[in-house]
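Residue numbering restarts at 1 for every chain, and letters A, B, ... go by the order of the sequence lines.
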Amino acid sequence: MTTNTTVCTEALYRWYRAHARELPWRNTDDPYAIWISEVMLQQTQVSTVIPYFERWIARFPAVKALAAADQHEVLRLWEGLGYYSRARNLHRAAQQLVERGTGFPSEPAAFSRLSGVGPYTTAAVMSIAFGHRLAAVDGNVKRVISRLYALDLDITSSAGLKRIAELAEQLLSDADPALHNQSMMELGALICRPKDPQCETCPLREPCQARLLGTPTAYPLRAPKAPTPHHHDAVALIYRQTELLIAQRPQSGLLAGLWHFPRIRGKTRAPTIATISNQLAQNYGLRVAPLANTPPCPKVDHAYTHFRVSLYPRLLALVGAPTTCLREDTEVTRWVAADQLADYPMSVADRKVAQAAGLGDARRA
DNA sequence: AACGCGGGGGT
DNA sequence: ACCCCAGCGTT
């Protein structure tokens, strides 16, 4: 590992000025808009974020509008973007700011105290909006630095992260922080890509140790990942006349705060009708029977980061009245008409299920 | 220090 | 069928 190489970042900045993409959040100096963009961009690609960013800024143009919104609407606007705690944290942070009443924080210490704001977001927003000298280290920067110095450390390890943070600060040096951070990230996105890096046109090709070794894609080093489990769940589409039962998920954990159809977990195969009706009786105090004269619904496959799931939609009819309260202690439930489903924030998986069950286009209009 | 947390785009 | 992405909070 060679770390005493001098890296001339002037070439990088020239490249950035010539090749940077035009992005909606680059046409503003509004710290709020920059903050929203940085949170949306966490673990999410630029092309995915753009339409969400535009809609969000149109609906919530400033901190005050966001703080005044219902969580329901906030989640609906975020629906499909994933990592929903980001939306709930933004909402909470906006309310924290309104409570403080001191305007948008221009100091890193104050900004980083907000919900959902960690080291990366602090460095990015504070450098871009206010010029603070903080190195933003995201996935792109980790890759660029790993290659630049042919870093022989697992970047998912704390030692690897620490070393990269040191090198990132060193590279920032006395450059313009906003220009430097954005240049590094843009380089990672456009040139120093995970696969097929464009070393021939890279402004840092001269000092790059990984290129010198001839194995740029060998970096960054990363520990192998564990295999992801796959389970098979039944999804209960329970009719009471023309209405369907949906439930709101708890405020923490997977898909927190979103609505879903009752789910019956199957480890290795789809739960049987007997299991489904037992579980619904236990968990919701409901008696159900298979809906007559309905063709079987196709299963829905969905992948999450840490597991995969096959979902088996089951059309059911409520028999009699609910015998207990519908788990009002832990889970809010509601009977809704099919054409009202679109009003409730739901995950992509549940939208797919609704679609597969012929409930029409339940996606947000 | 390790893990949970979504979804989509690229190859 | 993988890999990766402008990370953060919890345990």
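- Defined by atom type and a distance below 3.5 Å, a donor-acceptor pair is present between the side-chain atoms of A/Thr156 and A/Asp154.
- In this structure, CZ of A/Phe111 is placed 13 Å from C1' of C/dG7, rounded to the nearest angstrom.
- Within the 3.5 Å criterion, the main-chain N or O of A/Cys192 finds a donor-acceptor partner in the side chain of A/Arg143.
- Atom C1' of nucleotide C/dC5 and atom CG of A/Leu81 are separated by 12 Å, given to the nearest angstrom.
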**Message:** side-chain hydrogen bond (donor to acceptor under 3.5 Å, both in side chains), that's the test. Do A/Tyr120 and A/Glu38 meet it? Break it down for me.
**Reply:** CA-CA 9 Å; A/Tyr120 165 76; A/Glu38 291 300 345; 2.6 Å; yes
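- Comparing A/Thr156 and A/Thr44, the nucleotide of DNA chain B nearest to each residue sits closer to the 5' end for A/Thr156.
- Across B/dG7, B/dG10, C/dA6, the shortest atom-to-atom separation from the side chain of A/Asp138 is found for C/dA6.
- Contact of A/Ser347 with B/dG6 (side chain to base): no donor-acceptor pair of N or O atoms is detected under 3.5 Å.
- Here the side chains of A/Ile246 and A/Trp259 are in contact, with some heavy-atom distance below 4.5 Å.
- One finds no side-chain N or O of A/Thr48 lying less than 4.0 angstrom from the OP1 or OP2 phosphate oxygen of B/dG7.
- Using a 4.0 Å cut-off on heavy atoms, the residues of residues 252-271 of chain A that approach DNA chain B are A/Gly253, A/Leu254, A/Leu255, listed by number.
- For the ring-ring contact (aromatic ring centres under 6.0 Å, His included) criterion with A/Trp78, the lone passing option out of A/Trp56, A/Tyr52, A/Tyr83 is A/Trp56.
- Candidate nucleotides C/dC4, B/dC5, B/dG8 were compared by shortest atom distance to the side chain of A/Val348, and B/dG8 ranks first.
- Distance, A/Arg193 CZ to B/dT11 C1': 11 Å, rounded to whole Å.
- The CG atom of A/Leu311 sits 10.5 Å away from atom NE2 of A/His232, with the distance rounded to the nearest 0.5 Å.
- The side chain of A/Trp25 approaches C/dA6 more closely than any other nucleotide in the set B/dG6, C/dA6, B/dT11.
- Base pairing in DNA chain B gives the following stems of 3 or more Watson-Crick or G-U pairs, range against range and under 3.5 Å: B:1-5 with C:7-11, B:7-11 with C:1-5.
- Taking atom P in both C/dC8 and B/dG8, one finds a spacing of 22 Å when rounded to whole Å.
- Counting non-hydrogen atoms under 4.0 angstrom, A/Trp35 reaches nothing in the nucleic acid.
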Polar pairs (N or O, both sides) under 3.5 Å between protein and nucleotides 8-11 of chain C?
residue : atom : partner  : partner atom : Å
C/dC8   : OP1  : A/Gly118 : N            : 2.9
C/dC8   : OP1  : A/Gly118 : O            : 3.3
C/dC8   : OP1  : A/Thr121 : N            : 2.9
C/dC8   : OP1  : A/Thr121 : OG1          : 2.7
C/dC8   : OP2  : A/Pro119 : N            : 3.4
C/dC8   : OP2  : A/Tyr120 : N            : 3.2
C/dG9   : OP1  : A/Gly116 : N            : 2.5
C/dG9   : OP1  : A/Val117 : N            : 3.4

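- Counting any heavy atom pair closer than 4.0 Å across all strands shown, A/Arg222 reaches sugar-phosphate atoms only and no base atom.
- C/dT10 and B/dG7: their C1' atoms are spaced 22 Å apart (whole Å).
- With distances taken from any side-chain atom of A/Ser158 to the nucleotides C/dA6, B/dA1, B/dG7, the minimum falls on B/dA1.
- A straight line from CD1 of A/Ile50 to P of B/dG9 spans 12 Å, rounded to a whole angstrom.
- Listed pair A/Gln43 / C/dG7 meets the phosphate criterion, a side-chain N or O lying under 4.0 Å from OP1 or OP2.
- Taking a cutoff of 4.0 Å between a charged side-chain nitrogen and a carboxylate oxygen, A/Asp233 and A/Lys299 do not qualify as a salt bridge.
- With salt bridges taken as basic N to acidic carboxylate O contacts below 4.0 Å, none links A/Glu200 and A/Arg205.
- When the P atom is compared between B/dG4 and C/dA6, the two are found 23 Å apart, to the nearest whole Å.
- Between A/Leu75 atom CG and B/dG6 atom C1' there is a gap of 13 Å when expressed in whole angstrom units.
- Taking 4.0 Å as the cut-off between side-chain N and carboxylate O, A/Glu79 and A/Arg351 count as a salt-bridged pair.
- Close to B/dC5, at under 4.0 Å from its OP1 or OP2, lies no side-chain N or O of A/His306.
- The listed nucleotides are B/dG6, B/dA1, C/dA6; the one nearest the side chain of A/Met185 is C/dA6.
- With no hydrogens or angles considered, a side-chain donor-acceptor pair links A/Arg86 and A/Thr44 at under 3.5 Å.
- A/Arg147 contributes a side-chain N or O that, together with a main-chain N or O of A/Pro216, makes up a donor-acceptor pair within less than 3.5 Å.
- Put simply, CE on A/Met184 is 14 Å from P on C/dC5, counting in whole angstrom units.
- Between the side chains of A/Arg334 and A/Tyr344, at least one donor N or O sits under 3.5 Å from an acceptor N or O.
- Annotation: side chain of A/Asn283 is not in contact with side chain of A/Pro262 (no heavy-atom distance under 4.5 Å).
- When rounded to the nearest whole Å, the span between CG of A/Leu41 and C1' of B/dG6 equals 15 Å.
- Proximity note for A/Arg86 (side chain, C-beta onward) versus C/dC4, B/dG10, B/dG6: the nearest is B/dG6.
- Rounded to whole Å, atom P of B/dG7 lies 5 Å from atom OH of A/Tyr304.
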